[in-house]
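The next block holds one structure in the form of structure tokens; read it before the comments.
Count residues from 1 along the sequence.
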Amino acid sequence: MIRACAQAGVYPVALAYLLLGEPDSVQVAGSLAECGVDADAALLMTWPGGVHALLECSLVSALAMNAVIAGTKGRIDIDPAFHAAHRMTARAGLHLEELHIDTAADDALAAELREVRDGVRAGLRQSPAVPLDATLAALRILENAREALGAVAF
């Protein structure tokens with residue numbers, strides 16, 4: 001089970017896709033702003049074997065911006081903002097371990113830009129960290145969710 005929330009929906013969807021691949025189904029509920037864009041949304045994504053992800057994004061609510069990955073043997077809690085976290089906590093039974101990540105939370109966009117810059121300099125056509133097929137799959141999921149909500153397209 002994955003539970004993640006952020007202001008921008010691409011981060012929770014990308015996390016779920018990178019960990020679990022293409023979902024079997026995606027259900028969405030949410031609301032629209034006056035201008036027709038999605039103001040907030042919750043996505044329930046499912047995979048075989050009862051695996052699921054509950055993802056939230058909102059432009060109007062103060063979400064926790066964290067992520068939890070839980071299974072039968074333990075869980076991983078990723079600190080806010082999970083897409084730029086500097087710490088994760090892994091729990092298995094009574095065992096607890098903190099894992100530190102190099103990128104500080106306030107350096108998230110700079111880290112993404114460095115990844116693009118380094119890839120361009122190396123002549124890469126896609127990032128080894130987030131391959132093109134993963135990006136396109138996340139965008140397809142988001143586009144289908146947007147259409148299901150009836151949000152305007154830009």
Original post:
Excluding sequence neighbours, so at least two apart, what forms side chain to side chain donor-acceptor pair (under 3.5 Å) with Thr135?
Top reply: none
Original post:
Can Val152 and Val37 be said to form a side-chain contact (heavy atoms from CB on, under 4.5 Å), step by step?
Top reply: CA-CA 6 Å; Val152 297; Val37 301; 4.0 Å; yes
**OP:** Quick one: do Met1 and Arg75 satisfy side-chain contact (heavy atoms from CB on, under 4.5 Å)? Show the steps, please.
**Re:** CA-CA 9 Å; Met1 187 276 296; Arg75 65 185 276 155; over 6 Å; no
Original post:
Would one find more than 12 heavy atoms of other residues, nucleotides or ligands at under 6.0 Å from atom CZ of Arg125?
Top reply: no
Original post:
Are Leu44 and Leu142 co-members of a hydrophobic cluster defined by side-chain heavy atoms under 4.5 Å apart?
Top reply: no
Original post:
Sequence neighbours excluded, which residues qualify as side chain to side chain donor-acceptor pair (under 3.5 Å) partners of Arg140?
Top reply: none
Original post:
Would you find a donor on one side and an acceptor on the other, under 3.5 Å apart, between the side chain of Ser58 and the backbone of Val60?
Top reply: yes
Original post:
Of Asn144, Ile141, Leu54, which is the lone residue that meets side-chain contact (heavy atoms from CB on, under 4.5 Å) with Leu43?
Top reply: Ile141
Subject >> Shortest non-hydrogen separation from Ile2 to Ala16 and the atoms involved >> reply: CD1-CA, 3.8 Å
Subject >> Least distance between heavy atoms, Pro12 atom then Glu56 atom >> reply: CG-O, 3.9 Å
**OP:** Drop me the distance from Leu15's CG to Ile69's CD1, to the nearest 0.5 angstrom.
**Re:** 5.0 Å
Original post:
Can you name the closest pair of heavy atoms from Gln7 and Cys57 and give their distance?
Top reply: O-CB, 3.7 Å
Subject >> Listed once per pair and sorted, the side-chain hydrogen bond (donor to acceptor under 3.5 Å, both in side chains) pairs that draw on residues 91-100, sequence neighbours left out >> reply: Asp77-Arg91, Arg87-Glu98
Original post:
Is there a side-chain contact between Leu55 and Met45, using heavy atoms and a 4.5 Å cut-off?
Top reply: yes
Subject >> Closest heavy-atom pair and its distance - Asp79, Ala85 >> reply: O-CB, 3.3 Å
**OP:** Would you confirm whether Gln126, through its side chain, and Pro131, through its main-chain N or O, come within 3.5 Å as a donor-acceptor pair?
**Re:** no
Original post:
How far does CD of Glu115 sit from CG of Leu124, to the nearest 0.5 angstrom?
Top reply: 8.5 Å
Subject >> Leu59 side chain near Asp40 side chain, heavy-atom distance below 4.5 Å >> reply: no
**OP:** Could you check Leu149 against Val28 for side-chain contact (heavy atoms from CB on, under 4.5 Å), going step by step and ending with a plain yes or no?
**Re:** CA-CA 7 Å; Leu149 286 175; Val28 62; 3.9 Å; yes
Subject >> Set of ring pair (Phe, Tyr, Trp, His ring centres under 6.0 Å) partners for Tyr17, sequence neighbours left out >> reply: none
Original post:
How far apart are the closest heavy atoms of Ala64 and Cys5, and which atoms are they?
Top reply: N-SG, 3.8 Å
**OP:** For Thr89, enumerate each residue passing the side chain to side chain donor-acceptor pair (under 3.5 Å) test, keeping only those at least two apart in sequence or located in another chain.
**Re:** none
**OP:** Is it possible for you to say whether Val10 and Ile78 belong to one hydrophobic cluster, with membership spreading through side-chain heavy-atom contacts below 4.5 Å?
**Re:** yes
Original post:
With hydrophobic residues grouped by side-chain heavy-atom distances under 4.5 Å, do Val68 and Trp47 end up in a single group?
Top reply: no
Original post:
According to the interplanar angle, ranging from 0 to 90°, do the rings of Phe82 and Tyr11 count as parallel (below 30°), tilted (30 to 60°) or perpendicular (above 60°)?
Top reply: perpendicular
Original post:
Does any non-hydrogen side-chain atom of Ser25 lie less than 4.5 Å from one of His52?
Top reply: no
Original post:
Got a sec, which residues hit side chain to side chain donor-acceptor pair (under 3.5 Å) with Thr72, two or more places apart in sequence or on another chain?
Top reply: none
